[in-house]
Each structure stands twice: as structure tokens, then as C-alpha cells.
Amino acid sequence: PGIGNEGVFYTCQNSCGQPSRPLNGRRSGVGALFHPQLAQFSCDEGYTHLRSGAYSDQSIQLTQQCLATGQFEAFGAEVSVDEHGRVECMPVQCQRQDPPDHWQWTGEGIFDTRTPAILECEDGYSSNGMPHALTTQSMMCNGDGSQSEFPSPCLPITHRIVGEVTDAVNGQLLGHAAVVVTDNSGAQHSLTTDAQGHWEIDGVTRGPVTIMVTLDLYSEITYTVNLQQDLENGPADAALNPHLDPHSWRVVLTWATNPRDLDGHVTRHPGSDGVTLSDPGSRRSHLYWRNTWMGNWSPHPIFRYNRKDMTKPSAMLDRDNVQGNGVPETTTYFKMHACQYDCKFVYRVWDYCSLPSALVDESEALVRVYNSDGLHSTYNIGVHGHHHNNGGEQRWDVFSLDVTGGTPQVEECTSGNCPADNTYAAWNHGYC
């Protein structure tokens with residue numbers, strides 16, 4: 001039919017048959033084609049004939065000639081075709097452009113006219129700086145290979161902080177204290193507490209925030225909160241340590257809300273010289289919520305009762321906090337240079353509620369130790385000291401203060417280096 005035995009054509013109008021309609025495209029015209037007719041195709045809007053996925057204005061006017069051999073000419077390698085030579089129009093692809101400030105692309109998958117790409121704000125940012133504003137944006141790939149218009153830059157999320165400043169010993173609100181708040185962006189905000197010790201500030205950038213509080217006659221305090229929402233009191237509050245006389249020490253314990261009640265305990269043990277009165281657990285040797293003054297007693301010269309002997313070493317539980325939430329529990333040591341017997345003082349924290357894991361996992365307990373020079377040392381649960389877990393007994397051995405010979409030596413309690421607790425444990429914890 002048109003070709004001789006030696007491959008010679010008898011006619012120039014050999015039929016190529018009916019061309020295949022492109023996938024995701026159209027054919028112009030109907031019926032079979034004969035040499036030298038052209039088949040005419042176009043890709044649907046948003047699609048391209050190029051294997052690369054790049055936009056081409058030729059995708060709306062593809063042609064394919066019927067050859068004298070009765071076969072359609074083959075497309076070039078750049079054209080997307082299946083194994084039978086049929087054109088497969090593909091979605092036009094877009095290139096991800098550099099996003100606006102504080103936006104970032106999520107993933108690196110296909111970005112084409114069928115599949116949008118997603119922008120998201122960097123951590124700590126939103127589309128308008130509000131905590132609950134949009135943080136993602138779908139970007140559309142247009143049929144010409146361009147992308148939809150970028151959004152405005154993301155803005156830092158900010159929050160409000162409300163705090164108060166108190167005396168760590170008596171809980172009195174302290175007015176006119178200087179507060180400097182340094183937020184996650186590095187911006188500093190300076191303010192002063194009102195007469196009731198209250199302060200508040202808006203527009204603080206989300207993330208770690210450092211707060212420094214100073215006031216005459218008190219030790220400076222600096223602490224950090226992880227600001228993820230508006231914060232009112234609790235971790236934002238500061239309890240300032242009143243300046244101490246020489247040879248006095250103070251321990252300030254704070255924690256979060258769970259467990260509800262932590263208790264600071266002080267026990268006395270033989271110091272480095274080994275001298276002892278051998279009275280473990282006595283009122284002279286154990287300070288805690290049942291015995292809020294630990295020391296010697298002397299008879300009153302006139303009246304028939306004993307009074308506190310303030311010439312000897314002693315300790316006082318100034319504040320017993322039973323609710324956590326950043327409110328301090330405070331213990332003060334006096335006359336440490338005058339110690340003669342049992343001159344090692346060990347500070348421990350008991351979980352009165354006897355919860356199995358909250359002391360380490362949830363309490364965020366923090367112990368600050370002060371002397372007449374100001375802040376001496378800081379201890380964090382789970383990082384410092386030694387955790388004692390014996391069923392219902394949950395205890396944190398924090399540090400020892402050995403004042404033998406009048407020279408204080410502070411040592412963190414690690415496994416086995418602090419004297420064993422010598423109190424009646426059943427009195428030290430309950431359930432709540």
C-alpha cells in the first residue's frame with residue numbers, strides 16, 4: 001500500500017492514522033491525517049509539554065507532522081511522552097523564591113500548579129505578631145511559572161508580663177524596686193515597681209526572658225523565664241533577700257505548682273573536727289515546719305520559761321510556703337562563727353506530698369544561698385545535689401555548710417558525701 005518491494009513510495013499521501021490526544025491536553029481537529037499534514041495539540045491551562053515542568057508558551061501550539069513513511073515524527077527528548085510517544089502534559093512547576101523576613105519554606109517537595117507550597121513563620125513569630133494569628137501561608141504556582149504574591153514579613157510574637165517584688169523573709173511587698181526585662185530579641189525594658197511592689201509590661205518578645213531586680217538594702221536577683229504566653233505572677237515574681245549580717249546565711253527555696261508542698265529541712269551533724277552533742281532529731285538539731293527555730297535555749301533570769309539563746313548558732317524558718325507557684329520558703333542561719341558542736345548544717349528538701357516523680361520531673365525547685373556578700377550559690381533540682389527516693393520518701397539533699405573553726409565551707413551534696421539524714425522520716429512527709 002504505497003511502498004514497493006524495494007521501499008520505494010508510490011504515493012506522497014500515506015496515512016499516519018489518527019493522532020493520540022495528549023494527556024492533560026487537547027487536539028485541534030478530528031480524523032486521520034495524511035502526509036504531509038500536521039497534527040495540532042495544546043496542553044491544558046497550567047500544564048506544559050516540557051519534561052522539566054518549565055512553563056513554555058509553545059505548549060498551546062504543539063505540532064507533529066505526518067511523515068511520508070506513514071508515521072508521525074518523533075518529539076525531541078525535552079518533550080514529556082509516554083512509552084508510545086503520546087504527549088503527557090505535566091503541571092507547570094515554580095521555583096521557590098527567597099521568602100520575606102522570618103518566613104521559611106516547609107519541605108522541598110514539588111511546587112507546581114496542582115501542588116501549592118507552604119510558608120511558615122519562624123518559631124516565635126506570627127503573621128501579625130499576635131499569639132494566635134496565622135503562622136502558615138499557602139503559595140500558589142501560576143500557569144506561567146510565577147508564584148502568588150508573598151505575604152508581609154512575620155512579626156515577633158509578644159506577650160504581657162505581670163509581676164511583683166516581695167521581701168523573701170517576711171513577704172512584704174516592696175515598692176520602688178528597679179526591674180530590667182531583657183527579652184528574646186535583646187531589647188531591654190526598664191521599669192519600677194509601684195508602692196505595692198507591682199509591675200507590668202506589654203510587648204515582650206516570646207522566648208527566654210531575663211529579669212533583673214535591684215533595691216537598696218537587698219541583694220540583686222536575676223532570673224530567667226521561658227515566655228510562651230501572657231504571664232501573670234508566679235515565675236515572674238521576685239523575692240529579694242535582705243542584706244545579712246556577717247556570719248549569717250540564708251536559703252531561699254522556690255518551686256512551681258506540682259507538687260503542692262515542698263519543705264526545707266536543716267539538720268546538724270559533726271563538723272570536720274568531729275565534736276558532737278549526739279542529739280540528732282532534737283529541737284537543736286532539726287529545723288523544719290514542726291520546729292521553726294533550731295538552736296539552744298537558756299532560762300529567763302526572772303520569769304519561769306526558756307528563751308532563745310541568740311549567742312549560739314541557730315536557724316529560723318522565716319516563711320513556710322505550702323502552695324509553690326514561685327512563693328519562697330526561707331530559712332536564715334545566725335551566729336555561724338560561734339559554733340562549737342555539730343558544726344555541719346545540711347539543707348534538704350522533702351516532698352511533703354510524697355509523689356513518686358514530681359519532685360524531679362515537675363517541681364522546677366530552685367535553692368538560692370546568700371551570705372553577707374550577696375548571692376553565694378544556686379542549686380537546681382535534677383542538676384545539683386542528690387535525689388533520695390525510698391518509696392513514699394522523696395528527698396533532695398542539696399548542700400552542707402560546715403562552719404568548724406569559724407571558716408564556712410559550702411559543699412554540694414552528691415552521692416554519699418553529705419551525712420545521712422538522721423531524723424524521724426515519718427514526720428517529714430505526708431500526702432496531699
Side-chain angles (χ1 to χ4, degrees), residues 249-256 258-272 274 276 278-282 284-292 294 313 315-318 320-322 324 328-333 336 339 342-371 375-404 408-430:
W249 293 72
R250 181 168 292 126
V251 183
V252 180
L253 165 67
T254 55
W255 68 97
N258 192 37
R260 176 175 66 81
D261 189 7
L262 297 184
D263 290 311
H265 290 241
V266 180
T267 55
R268 294 182 69 165
H269 306 264
S272 58
T276 179
S278 298
D279 61 345
S282 69
R284 189 193 73 91
S285 298
H286 184 200
L287 175 81
Y288 67 126
W289 59 273
R290 290 176 182 267
N291 179 41
T292 60
M294 180 182 78
M316 180 176 291
L317 181 62
D318 305 302
D320 178 21
N321 175 28
V322 297
E329 179 159 309
T330 309
T331 302
T332 304
Y333 304 65
M336 291 291 101
C339 187
D342 300 294
C343 294
K344 178 172 281 191
F345 296 74
V346 178
Y347 186 84
R348 314 174 200 266
V349 176
W350 283 77
D351 173 11
Y352 182 80
C353 297
S354 307
L355 301 178
S357 61
L359 176 60
V360 174
D361 296 339
E362 300 177 56
S363 72
E364 301 176 22
L366 172 67
V367 167
R368 293 183 176 95
V369 181
Y370 297 88
N371 60 17
L375 181 65
H376 177 276
S377 49
T378 302
Y379 304 94
N380 295 84
I381 185 70
V383 178
H384 305 106
H386 177 65
H387 175 223
H388 173 84
N389 179 359
N390 183 22
E393 298 178 15
Q394 298 291 329
R395 191 183 76 231
W396 176 29
D397 296 348
V398 186
F399 72 95
S400 66
L401 170 63
D402 192 338
V403 293
T404 302
Q409 299 292 328
V410 177
E411 184 178 12
E412 176 187 347
C413 289
T414 56
S415 181
N417 71 319
C418 282
D421 183 72
N422 56 12
T423 64
Y424 182 51
W427 285 1
N428 299 341
H429 67 100

**Student:** Does R290 make a cation-pi contact with W427 (under 6.0 Å, within 45 degrees of the axis)?
**Tutor:**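 Satisfied, under 6.0 Å and within 45°.
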**Student:** Just how far is it from atom CG of N422 to atom OG1 of T267, taken to the nearest 0.5 Å?
**Tutor:**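 The CG atom of N422 sits 5.5 Å away from the OG1 atom of T267.
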**Student:** Ignoring hydrogens, what is the shortest heavy-atom contact between H286 and M294? Give both atom names and the distance.
**Tutor:**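 Where H286 meets M294 most closely, the heavy atoms are N-SD, 3.4 Å.
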**Student:** Salt-bridged, R268 to D279, with N to O below 4.0 Å?
**Tutor:**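 No, this pair does not count.
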**Student:** Which heavy atom of N321 sits nearest a heavy atom of D261, and at what distance?
**Tutor:**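 The pair with the smallest heavy-atom distance is O-OD1, 3.3 Å.
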**Student:** Between W350 and H265, what is the ring plane arrangement, given parallel below 30°, perpendicular above 60°, and tilted in between?
**Tutor:**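 Aromatic pair W350/H265 classed tilted.
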**Student:** Mind checking whether F399 and Y347 have parallel, tilted or perpendicular rings, split at 30° and 60°?
**Tutor:**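 The rings of F399 and Y347 lie parallel, inter-plane angle below 30°.
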**Student:** Taking only residues two or more places apart in sequence or in another chain, which ones pass salt bridge (Lys or Arg N to Asp or Glu O under 4.0 Å) with D263?
**Tutor:**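 Expected list: none.
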**Student:** Once rounded to the nearest 0.5 Å, what's the spacing between atom OG1 of T378 and atom OH of Y370?
**Tutor:**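 Nearest 0.5 Å value for the OG1-OH distance: 7.0 Å.
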**Student:** Taking the side chain as every heavy atom from C-beta outward, state whether H384 and T414 have any pair of such atoms under 4.5 Å apart.
**Tutor:**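 Result no, sub-4.5 Å side-chain heavy-atom pair not found.
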**Student:** Between T423 and Y288, is any pair of side-chain heavy atoms under 4.5 Å apart?
**Tutor:**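 Result no, sub-4.5 Å side-chain heavy-atom pair not found.
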**Student:** Please find the pair of heavy atoms, one from H269 and one from A420, that lie closest to each other, and give the distance.
**Tutor:**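 So the two residues come closest at CE1-O, 3.3 Å.
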**Student:** Mind checking whether R368 and T254 have side chains closer than 4.5 Å, heavy atoms only?
**Tutor:**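 They are in side-chain contact.
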**Student:** Can you see which heavy atom on W249 is nearest to which on P408, and at what distance?
**Tutor:**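 In this case the closest contact between W249 and P408 is CZ2-CB, 3.6 Å.
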**Student:** Do you know the tightest heavy-atom contact between P313 and F345?
**Tutor:**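 Shortest heavy-atom separation between P313 and F345 comes out as CB-CZ, 4.1 Å.
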**Student:** Nearest 0.5 Å please: distance from the CG atom of N291 over to the OG atom of S282.
**Tutor:**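 Reported to 0.5 Å precision, the distance equals 8.5 Å.
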**Student:** So which atom in A315 and which in L287 form the shortest heavy-atom distance, rounded to 0.1 Å?
**Tutor:**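 Reported closest heavy-atom pair: O-CD1, 3.8 Å.
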**Student:** Any salt bridge between R395 and D351, counting N to O under 4.0 Å?
**Tutor:**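 Salt bridge flag = no for D351 with R395.
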**Student:** Determine, stepwise, if the pair S354 / H429 fulfils side-chain hydrogen bond (donor to acceptor under 3.5 Å, both in side chains).
**Tutor:** CA-CA 6 Å; S354 307; H429 67 100; 2.9 Å; yes
**Student:** Show the numbers, then the answer: is there a side chain to side chain contact (heavy atoms under 4.5 Å, CB included) between D421 and N428?
**Tutor:** CA-CA 11 Å; D421 183 72; N428 299 341; 4.3 Å; yes
**Student:** Among I381, V251, L253, which residue meets the side-chain contact (heavy atoms from CB on, under 4.5 Å) test with V349?
**Tutor:**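 So the option named by the test is L253.
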